[in-house]
Protein chains: 2
Amino acid sequence: MRDVANWNVPIPLLNKQATLHDVARAAGVSKSTVSLVLQGRSSVSAKTRDQVLAAIESTGYVYNRKAAALRQAQRNDLIGVIVNELNTPYSGEVLSQIEKVCFQQNLVLMFASSSDLCEKQERLVQLYMEHKVGGFILCPAPYTDRTWLERIWSSGFPLVQIMREVSFSQLPVVIADNRQGAYEAVKHLIQLGHQKIAFVGGSEEISDYQERLAGYMTALNEAGIRVPAQYICPIPQSRQAGRDGLKTVLAYDSRISAVFCFSDLVAYGVFSMAREMGIQIGKDLAVVGFDDLEDSHITHPALTTVRVEANQYAIEAMNLLRVYQHDRQAPVVRRVVPARLIIRESCGAPQQFV
Amino acid sequence: MRDVANWNVPIPLLNKQATLHDVARAAGVSKSTVSLVLQGRSSVSAKTRDQVLAAIESTGYVYNRKAAALRQAQRNDLIGVIVNELNTPYSGEVLSQIEKVCFQQNLVLMFASSSDLCEKQERLVQLYMEHKVGGFILCPAPYTDRTWLERIWSSGFPLVQIMREVSFSQLPVVIADNRQGAYEAVKHLIQLGHQKIAFVGGSEEISDYQERLAGYMTALNEAGIRVPAQYICPIPQSRQAGRDGLKTVLAYDSRISAVFCFSDLVAYGVFSMAREMGIQIGKDLAVVGFDDLEDSHITHPALTTVRVEANQYAIEAMNLLRVYQHDRQAPVVRRVVPARLIIRESCGAPQQFV
DNA sequence: AACGGATTTTGGAACGTTCCAATTGACAAA
DNA sequence: TTTGTCAATTGGAACGTTCCAAAATCCGTT
């Protein structure tokens with residue numbers, strides 16, 4: 001033991017991390033006893049526990065979960081979350097809720113976005129498997145292979161799909177009631193007297209688009225309204241999709257009086273383009289969104305939209321994951337979170353609707 | 001070896017995860033050899049390598065990074081990221097960029113938000129330490145204790161502060177040029193002829209607020225303009241802050257003709273309230289934001305704002321972290337990412353400015 | 001003082017890797 | 001055949017925990 005003069009270094013570095021063994025030595029007990037204290041077992045006498053706690057404090061010991069996890073392979077406090085894109089407000093809300101739930105349950109979240117690329121998604125899953133996560137929450141990328149997904153499950157990792165689903169996969173999923181939400185939105189427009197209703201935004205490869213489209217069609221069919229294929233204009237990039245989409249559908253038929261948007265983000269784009277074209281939202285053109293982002297009640301006019309509670313996703317998905325972690329044979333469920341229409345001003349609905 | 005009939009279970013579960021040992025046995029080599037193959041060492045003959053790869057394939061082996069990390073404590077591909085709040089667009093952009101950089105470098109991200117609570121922040125840091133992350137990227141919560149922060153560093157975990165900094169801490173930080181950005185924004189307003197300029201939003205405990213305030217004051221002082229304290233109206237909750245803040249400052253002095261907002265989100269709130277009050281943005285009232293969110297160019301009118309590139313934060317922070325991981329004695333730096341004024345329409349600036 | 005039973009503590013194997021030193025094998029040169 | 005060299009392979013210790021069975025200690029009864 002010797003002192004090293006290093007006045008130049010502003011913050012001294014500890015030379016080595018203390019281990020259980022060091023703590024044990026400092027407390028004058030065996031490492032088994034320290035382990036018992038750390039696990040809060042009652043079989044330790046108050047006196048030795050205090051000694052051990054003091055030793056932990058004085059050595060600056062930090063528990064090593066890697067070593068612990070190696071021994072007891074069953075316990076695991078890691079959750080791998082893979083969403084399509086982080087940098088979109090709705091994913092942010094969902095992720096933020098998942099994070100909240102994880103924190104409450106003392107779980108640690110490993111997260112990344114697949115950018116809707118299967119290849120990236122596969123690499124991420126592989127990486128998380130190597131880290132031995134206790135389960136996956138996954139928003140599957142378009143064209144995700146069903147058998148690949150099932151292989152994850154069968155090789156021992158519980159998995160819950162979220163927001164989207166891979167068709168025919170026998171795996172649990174938490175998904176919004178896209179069809180019903182879209183149906184109600186479009187029915188609302190029809191009730192307000194609209195006949196020429198476009199559907200703008202979204203991309204055809206993902207399940208939620210298909211479902212919202214189905215809801216849109218159902219509402220129109222019920223009312224006996226037929227729409228030309230050109231009224232339906234899927235474009236992936238949300239805000240820009242709204243701008244381009246509105247232009248496109250109006251170019252096809254300038255009598256279109258209402259637009260059902262795939263998402264609120266698309267609706268913002270529609271707002272933007274409408275203003276440029278001198279169209280007044282809520283008067284000349286009715287607009288409905290989907291998601292109910294935080295900004296949607298302060299847009300002008302306030303956006304009528306379909307709300308899907310982001311925290312429902314998070315809570316249901318985490319609950320399900322817990323179930324499968326404890327019982328891999330538990331029945332596979334498909335949980336639907338409700339979607340409900342929030343009527344504001346962008347459809348020019350009269351006050352009594354609100 | 002015997003077959004088990006389980007027609008009822010839709011997806012079969014593997015009974016046990018294969019280990020290096022299993023692969024070795026399947027390939028007819030020793031576990032050391034398998035390890036060499038996994039690490040891509042050249043000392044393995046092509047023939048045995050192929051055997052091993054085939055065995056990995058057939059056993060469905062998944063590398064166990066926990067066990068590996070236990071042995072070679074120096075290498076580490078985990079990064080702990082703690083931001084104040086995920087569910088705000090700017091954090092989302094920054095986090096999304098960090099995630100991108102991590103993926104490129106094959107790093108895994110553990111992330112959570114502190115909700116600006118010191119207590120939560122401390123628990124998270126503790127948890128991540130127990131997982132032996134290779135470093136922290138931290139947006140410090142208000143009132144973060146300097147010595148606590150430095151203790152993280154000195155107990156062996158490199159740490160880079162991001163977006164905010166704890167005053168007097170001797171730790172690296174990547175921060176926006178808040179002062180200069182605010183200065184330019186306010187100077188722009190002054191050049192357009194505004195004299196009564198309010199500063200709305202933000203909260204006083206965080207460093208970036210202080211810096212933006214300083215920039216605002218400098219610009220006003222340089223122009224010889226004095227503002228009453230009531231022109232400055234900090235409120236934390238962004239969108240609502242914009243709404244309440246505008247109301248408050250206008251109630252104090254209705255001649256206020258320009259508002260410098262702490263963030264774009266605050267500006268959105270100002271837009272919303274202004275519309276409610278019948279004030280026309282860009283004509284009756286000039287508004288400048290800070291951040292340049294994606295929505296800010298499609299607001300109406302398009303928002304003049306100070307842009308700070310989110311990916312600059314990410315790239316610089318990750319680069320710095322790498323440096324300190326390799327050399328704990330590397331000089332502690334304070335890296336400033338530029339903030340530049342983007343002139344759009346919300347100040348009513350004439351075209352030639354754009 | 002010896003005993004029994006409960007309480008508290010402990011040594012050591014195990015988890016799945018890496019890495020070192022040692023061993024084996026092949027082959028050319030003596 | 002022996003020797004030396006080099007390449008390829010291997011056994012086993014180590015990493016820092018947990019957990020089991022066994023040991024040690026305590027304490028109230030005989």
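A note on names: the letters A, B, ... follow the listed sequences, proteins ahead of strands, and every chain is numbered from 1. All values below come from the heavy atoms of this structure, side chains included, with hydrogens, waters and symmetry mates left out. Small disclaimer: the values here were computed from a predicted structure and weren't measured.
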- Query: Rounding to a whole Å, what distance do you find between B:Asn64:CG and C:dT18:C1'?
  - Reply: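 Whole-Å distance recorded here is 13 Å.
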
- Message: For B:Phe111 and A:Phe111, take the angle between the two ring planes, folded into 0 to 90°, and tell me which bin it lands in: parallel under 30, tilted 30 to 60, perpendicular over 60.
- Response: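 Answer is tilted, since the angle falls between 30° and 60°.
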
- Message: Against A:Ile162, only a single residue in A:Leu320, A:Val83, A:Val81, A:Ile98 fulfils side chain to side chain contact (heavy atoms under 4.5 Å, CB included); can you say which?
- Response: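 Filter result, single survivor: A:Ile98.
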
- Nearest listed nucleotide, side chain of B:Leu20, among D:dG12, C:dG11, C:dT17: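 The listed nucleotide nearest to B:Leu20's side chain is C:dT17.
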
- May I ask you to check whether over 12 heavy atoms, not counting those of B:Glu57, lie within 6.0 Å of atom CD?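 No.
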
- Message: From CD of B:Gln51 over to C1' of D:dT9, roughly how many Å is that when rounded to an integer?
- Response: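 Going from B:Gln51 (CD) to D:dT9 (C1'), I get 12 Å.
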
- Query: Taking only side-chain nitrogens and oxygens of B:Gln39, does any of them come within less than 4.0 Å of OP1 or OP2 of C:dC19?
  - Reply: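 It does, given that an N or O in the side chain of B:Gln39 lies less than 4.0 Å from OP1 or OP2 of C:dC19.
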
- Quick one: which of C:dT17, C:dT10, D:dT17 gets closest to the side chain of A:Thr33?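 When the side chain of A:Thr33 is considered, C:dT10 is the closest of C:dT17, C:dT10, D:dT17.
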
- Message: What is the separation between atom CG on A:Asp50 and atom P on C:dT9, rounded to the nearest whole Å?
- Response: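 From A:Asp50 CG to C:dT9 P: 12 Å.
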
- Considering just the side-chain nitrogens and oxygens of B:Arg49, establish if one lies under 4.0 Å of OP1 or OP2 belonging to D:dA8.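 Result: no.
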
- Message: At 4.0 Å (heavy atoms only), tell me whether A:Lys31 reaches a base, stays on the sugar-phosphate, or touches nothing.
- Response: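 Base, at least one base heavy atom under 4.0 Å.
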
- Item | Residue A:Ser43, side-chain heavy atoms: nucleotide from D:dG16, C:dT9, D:dT17 that is nearest |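 Looking only at heavy atoms from C-beta outward on A:Ser43, the closest nucleotide is C:dT9.
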
- Quickly work out the A:Glu130 CD to C:dT17 C1' distance and round it to whole Å.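 Atom CD in A:Glu130 sits about 13 Å away from atom C1' in C:dT17.
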
- Query: Has the side chain of B:Ser30 got a donor or acceptor atom sitting under 3.5 Å from an opposite partner on the base of D:dG11?
  - Reply: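 When only heavy-atom distances are counted, B:Ser30 does not reach the base of D:dG11 through any donor-acceptor pair under 3.5 Å.
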
- Query: In terms of the nearest nucleotide of DNA chain D, which residue is placed more toward the 5' end: A:Val62 or B:Ser42?
  - Reply: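 Nearest nucleotide further toward 5': that of B:Ser42.
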
- Item | Rounded interatomic separation in angstrom, taking CZ from A:Arg25 and P from C:dT10 |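 The answer, rounded to whole Å, is 15 Å.
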
- Query: According to a strict under-4.0 Å criterion, is A:Arg65 in side-chain N/O contact with OP1 or OP2 of D:dG16?
  - Reply: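 Looking at the OP1 and OP2 atoms of D:dG16, neither is under 4.0 Å from any side-chain N or O of A:Arg65.
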
- A:Arg41 CZ - D:dT18 P separation (whole Å):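 Between P of D:dT18 and CZ of A:Arg41: 9 Å.
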
- Find the distance B:Met129:CE to D:dT17:C1' and express it as a whole number of Å.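 One finds 19 Å between C1' of D:dT17 and CE of B:Met129, rounded.
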
- Message: Heavy atoms from C-beta onward define the side chain here; which of D:dG11, D:dG16, C:dG11 lies closest to that of A:Ser32?
- Response: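 It is C:dG11.
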
- Query: Between C:dT17, C:dT10, D:dT9, which one does the side chain of B:Thr19 approach most closely?
  - Reply: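 Ranking C:dT17, C:dT10, D:dT9 by closest atom to the B:Thr19 side chain puts C:dT17 first.
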
- Residue B:Gln39 excluded, over 12 heavy atoms near CD under 6.0 Å: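 Yes, CD of B:Gln39 has more than 12 neighbouring heavy atoms, counting only those of other groups under 6.0 Å.
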
- Message: Quick test of your reading of the model: are B:Arg65 and B:Asp77 salt-bridged, counting only N-O distances below 4.0 Å?
- Response: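 Yes, this pair counts.
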
- Does the side chain of B:Gln72 get closer than 4.0 angstrom to OP1 or OP2 of C:dC19 through an N or O atom?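 Indeed, a polar side-chain atom of B:Gln72 lies that close.
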
- Task: Would you state whether a donor and an acceptor, one from the side chain of B:Lys132 and one from the base of D:dG16, lie under 3.5 Å apart?
- Result: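 Flag unset: no donor-acceptor pair detected.
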
- Would you call B:Glu99-A:Lys120 a salt bridge at under 4.0 Å N-O?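 Salt bridge flag = yes for A:Lys120 with B:Glu99.
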
- Item | Proximity to the side chain of A:Leu36 - top-ranked nucleotide from D:dT9, C:dT9, C:dG16 |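 Given the options D:dT9, C:dT9, C:dG16, the side chain of A:Leu36 is closest to C:dT9.
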
- Measure the distance from CZ on B:Arg71 to P on D:dG16 and round it to the nearest whole Å.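 In whole Å, D:dG16 P and B:Arg71 CZ are 10 Å from each other.
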
- Item | C:dT17 phosphate, OP1 or OP2, under 4.0 Å from B:Ser35 side-chain N/O |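 Answer is no, no contact under 4.0 Å.
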
- A:Ser45, nearest nucleotide to its side chain (from D:dT17, C:dT8, D:dT10):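 Nucleotide nearest to A:Ser45's side chain: C:dT8.
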
